[in-house]
Novice: 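A single structure is presented below for examination.
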Amino acid sequence: MTDRELLELAAKAAGLELWTHADGGFYLPDPMRNWNPLTDDGDALRLAVTLNLAVQTLPGRDKPASEAWHNDKYARERWCDNYNDPFVATRRAIVRAAAAIEQGK
């Protein structure tokens, strides 16, 4: 699934109306501001809270990861697959879990 598809599903799960910039990015019409929880910590946190997601980081020696879940909808992102950045992995886990919620409806 592409990042664009993930973002569209995540927004739909959260009940957000998204508009598209000419450059392909997303923004919220009211209040008008860019929206991308894959790159913005605040957008990711608001998405997690809106959907009542549990979020956990799992720092380990071999394969540290971040997880996000709601009931049976679950996503895990290994840090090493995300530039060894726990913030990137956590945001991606949140968006993937949100998309899974929408797909499961």
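Sequence positions, counted from 1, serve as the residue numbers for this chain.
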Novice: Assess the residue pair L47 and R91 against the criterion (side chain to side chain contact (heavy atoms under 4.5 Å, CB included)); give the C-alpha distance rounded to whole Å, side-chain angles, the decisive distance to 0.1 Å, and a yes or no.
Specialist: CA-CA 10 Å; L47 182 60; R91 290 190 305 263; over 6 Å; no
Novice: Tell me whether L51 is reachable from L18 by hopping between hydrophobic residues (I, L, V, M, F, W, Y) whose side-chain heavy atoms are closer than 4.5 Å.
Specialist: yes
Novice: Taking side-chain hydrogen bond (donor to acceptor under 3.5 Å, both in side chains) as the test, write out the residues that go with W79, two or more places apart.
Specialist: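 S66.
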Novice: Linking directly or through intermediates, with side-chain heavy atoms under 4.5 Å: list the remaining ILVMFWY members grouped with Y83, chain and number order.
Specialist: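 Besides Y83, the hydrophobic cluster comprises V88, listed by chain and residue number.
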Novice: Please enumerate all residues that pass side chain to side chain contact (heavy atoms under 4.5 Å, CB included) together with A68, with sequence neighbours excluded.
Specialist: V55, A93, I94, A97
Novice: Sequence neighbours left out, what pairs pass ring-ring contact (aromatic ring centres under 6.0 Å, His included) with at least one residue falling in residues 37-75?
Specialist: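 Listed by first then second residue: nothing to list.
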Novice: Among pairs that include at least one residue of residues 68-77, which meet salt bridge (charged side-chain N to carboxylate O under 4.0 Å, His left out), considering only residues two or more places apart or in two chains?
Specialist: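 Salt bridge (charged side-chain N to carboxylate O under 4.0 Å, His left out) check on residues 68-77 returns E67-R76, E77-R96.
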Novice: Any pair with a residue in residues 7-22 that passes salt bridge (charged side-chain N to carboxylate O under 4.0 Å, His left out), sequence neighbours left out, goes on the list, sorted by first then second residue, please.
Specialist: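 Counting only pairs at least two positions apart or across chains, the salt bridge (charged side-chain N to carboxylate O under 4.0 Å, His left out) contacts touching residues 7-22 are R4-E8.
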Novice: Suppose we screen for side chain to side chain contact (heavy atoms under 4.5 Å, CB included). Which residues come up paired with M1, at least two apart in sequence or across chains?
Specialist: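 Result, side chain to side chain contact (heavy atoms under 4.5 Å, CB included) vs M1: E5, L6, L9, Q103.
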Novice: First locate atom CG of L7, then atom CG of L16, and finally report the distance between them rounded to the nearest 0.5 Å.
Specialist: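 Those atoms lie 11.0 Å apart.
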Novice: Sequence neighbours left out, what passes ring pair (Phe, Tyr, Trp, His ring centres under 6.0 Å) with Y27? Give chain and number order.
Specialist: W19, H21
Novice: Sequence neighbours excluded, which residues qualify as side chain to side chain contact (heavy atoms under 4.5 Å, CB included) partners of T39?
Specialist: N36
Novice: For N82 versus R78, what's the shortest heavy-atom pair and its separation?
Specialist: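 Here N82 and R78 meet closest at ND2-O, 2.9 Å.
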Novice: For D85, give me all partners under salt bridge (Lys or Arg N to Asp or Glu O under 4.0 Å), at least two apart in sequence or on another chain.
Specialist: none
Novice: Identify, with sequence neighbours excluded, every residue that meets side chain to side chain contact (heavy atoms under 4.5 Å, CB included) alongside D40.
Specialist: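 For D40 the side chain to side chain contact (heavy atoms under 4.5 Å, CB included) partners, ignoring immediate neighbours, are D43, R46.
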Novice: Does any part of the side chain of N34, heavy atoms only, come nearer than 4.5 Å to the side chain of F26, both counted from C-beta?
Specialist: no
Novice: For residues L38 and F87: do they belong to one hydrophobic cluster (side chain heavy atoms under 4.5 Å, members Ile, Leu, Val, Met, Phe, Trp, Tyr)?
Specialist: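 No, L38 and F87 fall in different hydrophobic clusters.
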Novice: Please name the pair of heavy atoms, one in A13 and one in A98, separated by the smallest distance, quoted to 0.1 Å.
Specialist: CB-O, 3.4 Å
Novice: What heavy-atom pair brings P86 and N84 nearest, and what distance separates the two atoms?
Specialist: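 Minimum heavy-atom separation between P86 and N84: CD-O, 3.7 Å.
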